[in-house]
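Below is one structure, written out as structure tokens; comments come after it.
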Amino acid sequence: MGLKMLRPNKAAFGDPFELELLPEIRQRTHLTKGFDSQESDKISSKTNIKNLKTEEITVKASVASEAHPEQLPPLNYYLHVFYYSWYGNPQFDGKYIHWDHPVLSHWDPRITKKYPKGKHNPPDDIGSRFYPELGSYSSRDPSVIETHMKQMYSASIGVLALSWYPPDLNDENGEPTDNLVPTILDKAHKYNLKVTFHIEPYKNRDDKNMYKNVKYIIDKYGNHPAFYRYKTKNGNALPMFYIYDSYITASQKWANLLTSSGSQSIRNSPYDALFIALLVDKKHRYGILRGGFDGIYTYFATNGFTYGSSYENWAKIKYFCDQFDLMFIPSVGPGYIDTSIRPWNSHNTRNRINGKYYETALSAALQAHPSIISITSFNEWHEGTQIERAVPKRTGNIVYLDYRPHKPSLYLELTRKWSEKYRKERAIYALGHQELSRQPVS
């Protein structure tokens, strides 16, 4: 993989962040406008310290804060959330996985020397600036999976996009997780949720093994009632695959797989699907077209950092997509802070502002009249993009951030509010757009 330096569109956003120098955790960072991130992070920490002096070491949320099923709007299958099943603990996995994430080195050795090294030490010291209500959980724990589905259900999210590596492959800090897919599908179905797949840039990913892996997923999971399919305007109900870091593979390689004349063509076969490319730079747009993709997503919930993730470009991207019959799927997120694993990266911290950051992103997404909205993320705790429930906690020298003065369910509740708003608005504007007349299979 060649080195790729992603620079913000505006110099005011700080130093460039060399994503591919950080393979240990999906190469991502998040930038936006409007406030001093370092100062806001300090303010949040001070507020936490002050509030925690009068509280228990760990504060459990009240079950009463959860919405009752009869109060919930219907699930919105146009609202997707990125979901990670890479966490482990001794009870279920024999060891901690990902919660003990190592502190990553800066690409400049002089900067690395200024910060501590080593790994986090769960359960009290985890690789996150927030602390989950469920503690340092295992993604193999069926009760954890069920609780996650309940939380998504309470937020009126219809589809989870599962981070996926082929069998026997995994990210550099994890273990293989494909064997968790059946349980995730079963638990999702219990709450009428659907599961789609977010295919990671696994080692040597190319057109040939992508065909094999798509075939594997559809053959193994395609008949499950929770397996997501999207009904196109042609009436075909097709699976959907988000392809993370699609730009690192040449467009001709993708064309071999995704065009009808390609040497590995998957089109018009039993394994045909909707393939969604990651748009980072403006110049990627025509490569995505040449590659035969069906749509664009932006993953980085970071206004101003990349062309794709900048709200000001979403109307133009949507226009481009409409011209070429592509789906547009902007990604939104509640904030960003990764200093537990990248302590030298505090200039990229983006405060949640008690939910205002998230609502601004959601509002911008709705204005673009997108095919689907994706949320980054349900539970990427390392980078602080999670909407999963978090609780106040302090231990030793560590004071975790939290959602106060609001409840642990704040971001689930905001998601539910905007899910309903999006569902209603989409039903109206879809009538005037042929491309948006596609309906998801429920």
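Aromatic pair Phe241/Phe275: ring centres closer than 6.0 Å. Not less than 6.0 angstrom separates the ring centroid of Trp381 from the ring centroid of Trp86. Trp99 has its ring centre less than 6.0 Å from the ring centre of Tyr137. Between His382 and Tyr84, the distance from one ring center to the other does not fall under 6.0 angstrom. Centroid-to-centroid, the aromatic rings of Tyr336 and Tyr357 stay 6.0 Å apart or farther. A distance of 6.0 Å or more separates the ring centres of Tyr297 and His80. Phe320 has its ring centre no less than 6.0 Å from the ring centre of Phe328.
In terms of the salt bridge (Lys or Arg N to Asp or Glu O under 4.0 Å) criterion, Lys282 has no residue partners (sequence neighbours excluded). For His120, there are no ring-ring contact (aromatic ring centres under 6.0 Å, His included) partners two or more places apart in sequence or in a different chain. Not counting sequence neighbours, the partners of Tyr319 by the side chain to side chain contact (heavy atoms under 4.5 Å, CB included) test are Gln323.
Looking at heavy atoms from C-beta onward, Thr415 lies out of side-chain contact with Val81 at the 4.5 angstrom threshold. Annotation: side chain of Trp164 is in contact with side chain of Pro166 (closest heavy-atom distance under 4.5 Å). Counting heavy atoms from C-beta outward, Ile353 and Thr360 have side chains that stay 4.5 Å or more apart. Side chains of Pro123 and Tyr96 form a contact here, defined as non-hydrogen atoms less than 4.5 Å apart. By the 4.5 Å heavy-atom criterion applied to side chains, Ile243 and Met210 are counted as neighbours.
A donor-acceptor contact closer than 3.5 angstrom links the side chains of Thr385 and Ser377. A side-chain N or O of Tyr202 and one of Asn213 form a donor-acceptor pair less than 3.5 Å apart. Side chain to side chain, Asp93 and Ser138 meet the donor-acceptor criterion of an N or O pair below 3.5 Å. Side-chain contact, Ser363 with Glu359: no donor N or O sits under 3.5 Å from an acceptor N or O. For the residue pair Asp281 / Tyr247, no side-chain donor-acceptor distance below 3.5 Å is found, with atom types taken as modelled. Defined by atom type and a distance below 3.5 Å, a donor-acceptor pair is present between the side-chain atoms of Ser309 and Thr306. Using modelled atom types and a 3.5 Å distance limit, the side chains of Arg129 and Thr339 yield a donor-acceptor pair. Judged purely by distance below 3.5 Å, without hydrogens or angles, the side chains of Asn179 and Arg140 pair a donor atom with an acceptor atom.
For Tyr400 (side chain) and Ala390 (main-chain N/O), no donor-acceptor pair under 3.5 Å exists by modelled atom type. Using a distance-only test at 3.5 Å, with no hydrogens or angles considered, no donor-acceptor pair links the side chain of Arg416 to the main chain of Tyr153. At least one donor-acceptor pair under 3.5 Å links the side chain of Asn313 to the backbone N or O of Tyr307. Distance alone, capped at 3.5 Å, is enough to place a donor-acceptor pair between the Ser331 side chain and the Tyr299 backbone.
A salt bridge does not link Lys190 with Asp186: none of the charged nitrogens is closer than 4.0 Å to a carboxylate oxygen. Salt bridge status for Lys233 with Asp325: present, with a side-chain N to carboxylate O gap under 4.0 Å. A salt bridge links Glu175 with Lys95: the distance from a Lys NZ or Arg NE/NH1/NH2 to an Asp or Glu carboxylate oxygen falls below 4.0 Å.
Taking the six-membered ring where the residue is Trp, Trp314 and Tyr311 present tilted rings, their angle falling between 30° and 60°. Ring orientation note: the planes of Phe378 and His148 are nearly perpendicular, at an angle over 60° on the 30°/60° scale.
A distance of 4.5 Å separates CD1 in Ile329 from CD1 in Ile276, rounded to the nearest 0.5 Å. Rounded to the nearest 0.5 angstrom, Leu162 CG and Thr177 OG1 are separated by 6.5 Å.
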Next item on the list: For Tyr411 and Gln386, run side chain to side chain donor-acceptor pair (under 3.5 Å): C-alpha distance rounded to whole Å, both residues' side-chain angles, the deciding distance at 0.1 Å, then the answer.
Entry: CA-CA 9 Å; Tyr411 294 94; Gln386 80 289 338; over 6 Å; no

Next item on the list: Would you check, one step at a time, whether the test salt bridge (Lys or Arg N to Asp or Glu O under 4.0 Å) holds for Glu420 with Arg423?
Entry: CA-CA 5 Å; Glu420 179 68 359; Arg423 186 180 64 83; 2.7 Å; yes

Check: Would Asp124 and Lys393 count as a salt bridge (Lys or Arg N to Asp or Glu O under 4.0 Å) if you check the C-alpha gap in whole Å, the side-chain angles of each, and the deciding distance to 0.1 Å?
Finding: CA-CA 9 Å; Asp124 290 332; Lys393 184 178 177 69; 3.4 Å; yes

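Both tests pass for Arg352 against the ring of Phe130: distance under 6.0 Å to the centre and angle within 45° of the axis.
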